Amino acid sequence: MPSLSAAQARRIAVAAQGFGTPKPRSAVTRAHLKRLLSRIQVLQLDSVSVAVRAHYAPVFSRLGPYDRAVLDAAAWSHSARSPRLLVEYWAHEAALMAVDDWPLMRWRMRQWPHGRWGSHIVRANPRLVDDVTAAVAELGPATAGQIEAHLAAASGRAGKGPWWNRSDTKWVAEALFASGVLTTATRVGFARHYDLVENVLPARVLATDIDDDEAIRELLRRAATALGVGTEADLRDYFRLSPAQTKPAIAHLVASGELEKVTVAGWDADAYLLAGQAIPRMDRGTALLCPFDPLIFFRPRVQRLFDFHYRIEIYTPAPKRQYGYYVWPFLLDGELVARVDLKADRPHDALHVVGAFIEPGRSPDRVAPALAAELTAMASWLQLSRVTVGERGDLAGRLRAACRDQPIR
């Protein structure tokens, strides 16, 4: 069985995610976005906006400063000249994925006829399911609140309806989203506006039927492309599959020669990579990574690849946080060397570094200037005029000095 060193596995993984490739010299376009999504497959959605919403960040990390309106248009608008490129679904967690990949998730939609959560509410309210669907058909794109108001008006009562309340309406709308009846037509202020799938996606996509087993195999091909090299658990996590799905599918892909089984030094499980996968000779890739970046989705993999212990601390009480509320790892020449707790401080027109921490054994003299350059680029992208650095962390002082030397363009 072929073997890889830990450094080779890390280089493969970083390159697979689009790092190390030169960033566009011209404005980022839909074509750039489409090529990037063909590599990383998904952009995870999250409501936290302390710095910038999660789905925008991976594009910046790989392509540099870009107009977020390009991504908004690709995800939440449609015209004959510029058809919708992305659609929301539970691909990993809530995420944007290519419109053409919708049929690959139909098996999951069938598994969740009553939603991912709150199935007892949906089962207990079959009439509400029909009414929500009918309301959306009548209203067109609508939020859960607008659907609830429409149903309340139709029932002749304000507030709570005779067999439902607003919370139930939201549960039902989400269940219909999970089962593929509704999807997101657009977002306004990040609020999801539901619409019938047939009003949002092309008929050719809705008419495409893929066998469940082949869909799982294709998702694993996509995961292997995005990861470069990964264990069964790594491949499984990318689209949140189950062992019962992944193990026979991986065996099939190995037998067909599409995946190659390898060992990686220091890993306690066999790994897999696409047949013919090139091994980069150098460590490349410098970027700030948001907590939901695909390179660092799966925390056990982050530990194995980078010897970097990473946990998101949003839900940890402030006094118990080790690093901060919304911490971004810093990738420098293909290695994770530091982390920063970031906040877009709009009232003070600054990208504020609440805390900055260097990894053991790394050189602050090397890390601080490179990190300062990335932070100033990010500040400019977010239309903030400066970078400020707080007192927390063993890299804060050196970073503060480095940021003074970085102009904001």
Side-chain angles (χ1 to χ4, degrees), residues 6-7 10-11 13-15 17 19-20 23 50-52 57-58 60-62 64-65 266 280 282-291 293 295-296 299 301-314 316 318-345 348 350-382 384-409:
R10 185 183 66 247
R11 290 172 193 151
V14 172
Q17 281 283 312
F19 295 105
K23 294 175 181 177
V50 64
V52 63
F60 167 75
S61 296
R62 291 156 178 81
M282 297 178 61
D283 286 308
R284 290 179 176 163
T286 296
L288 286 160
L289 306 176
C290 87
D293 190 286
L295 180 62
I296 56 173
R299 309 311 190 206
R301 175 179 167 82
V302 177
Q303 184 79 52
R304 269 185 279 117
L305 278 173
F306 300 102
D307 192 24
F308 188 91
H309 181 77
Y310 182 55
R311 297 291 185 273
I312 193 166
E313 297 182 275
I314 289 173
T316 302
K320 295 183 178 180
R321 290 179 192 140
Q322 183 178 3
Y323 296 109
Y325 180 77
Y326 202 70
V327 174
W328 297 55
F330 179 48
L331 183 76
L332 176 60
D333 293 332
E335 299 185 76
L336 294 180
V337 298
R339 63 190 90 199
V340 283
D341 183 15
L342 294 183
K343 176 182 179 181
D345 187 358
H348 295 94
L351 177 62
H352 184 56
V353 181
V354 182
F357 308 83
I358 196 162
E359 285 297 288
R362 304 297 181 176
S363 167
D365 289 339
R366 175 172 175 261
V367 171
L371 178 53
E374 291 299 311
L375 289 166
T376 53
M378 183 176 178
S380 177
W381 174 56
L382 296 178
L384 298 167
S385 66
R386 61 198 177 116
V387 176
T388 58
V389 182
E391 300 296 326
R392 292 195 69 239
D394 53 5
L395 189 59
R398 197 69 60 89
L399 181 61
R400 189 180 307 111
C403 285
R404 293 193 192 106
D405 299 329
Q406 295 287 344
I408 301 288
R409 293 181 177 84

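Hydrogens, waters and symmetry mates are skipped; everything else that's a heavy atom, side chains included, is used. Note that this is a predicted model, so its numbers are computed, not measured.
Formation of a donor-acceptor pair under 3.5 Å by the Thr376 side chain with backbone atoms of Ala373 is found in this model.
In this structure, Leu288 CG and Leu332 CG are separated by 10.5 Å, a value rounded to the nearest 0.5 Å. Distance check, rounded to the nearest 0.5 Å: CG of Leu295 to CZ of Phe306 gives 4.5 Å. Here the CZ-CZ distance, from Arg392 to Arg321, works out to 9.5 Å after rounding to the nearest 0.5 Å. We find the CZ-CG distance between Phe330 and Leu371 to be 5.0 Å, quoted to the nearest 0.5 Å. The distance from the CZ atom of Arg301 to the CD1 atom of Ile296 is 12.0 Å, given to the nearest 0.5 Å. Rounding to the nearest 0.5 Å places CZ of Arg404 at 10.5 Å from CG of Leu399.
No side-chain heavy atom of Leu384 sits less than 4.5 Å from a side-chain heavy atom of His348. Residues Met378 and Val387 are not in side-chain contact: their nearest non-hydrogen atoms beyond the backbone lie 4.5 Å or more apart. Looking at Asp341 and Lys343, their side chains never come closer than 4.5 Å, going by heavy atoms from C-beta outward. With a 4.5 Å cut-off on side-chain heavy atoms, Leu375 and Leu342 count as touching. Residues Glu359 and Leu336 form no side-chain contact, since every pair of their non-hydrogen atoms from C-beta on lies 4.5 Å or further apart.
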### Task
Could you check Arg398 against Asp365 for side chain to side chain contact (heavy atoms under 4.5 Å, CB included), going step by step and ending with a plain yes or no?
CA-CA 8 Å; Arg398 197 69 60 89; Asp365 289 339; 2.2 Å; yes
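Across all their heavy atoms, Gly334 and Val14 have their closest contact at O-CG2, 3.9 Å. Residues Phe19 and Gly285 approach most closely at CB-CA, 3.9 Å, considering heavy atoms. Shown here for Arg362 and Glu335, the closest heavy-atom pair between the two residues is NH2-OE1, 3.1 Å. Nearest heavy-atom pair across Glu374 and Lys23 is OE1-NZ, 4.4 Å. Residues Asp394 and Ile358 share a closest heavy-atom pair of OD1-N, 3.0 Å. Of all heavy-atom pairs spanning Thr286 and Asp333, the tightest one is OG1-N, 3.1 Å.
More than 12 heavy-atom neighbours from other residues, nucleotides or ligands sit within 6.0 angstrom of CG on Asp345. Sparse packing is recorded around CZ of Arg284, with 12 or fewer heavy atoms of other residues, nucleotides or ligands lying under 6.0 Å away.
Scanning for ring-ring contact (aromatic ring centres under 6.0 Å, His included) contacts around Phe60 gives Trp381, with sequence neighbours left out. Partners of Phe357 under the ring-ring contact (aromatic ring centres under 6.0 Å, His included) rule, at least two apart in sequence or in another chain, are Tyr323.
Arg339 forms a cation-pi arrangement with Phe308, by the criterion of a distance under 6.0 Å to the ring centre and an angle within 45° of the ring axis.
Salt bridge Arg62/Asp293: present, at least one basic N to carboxylate O contact under 4.0 Å.
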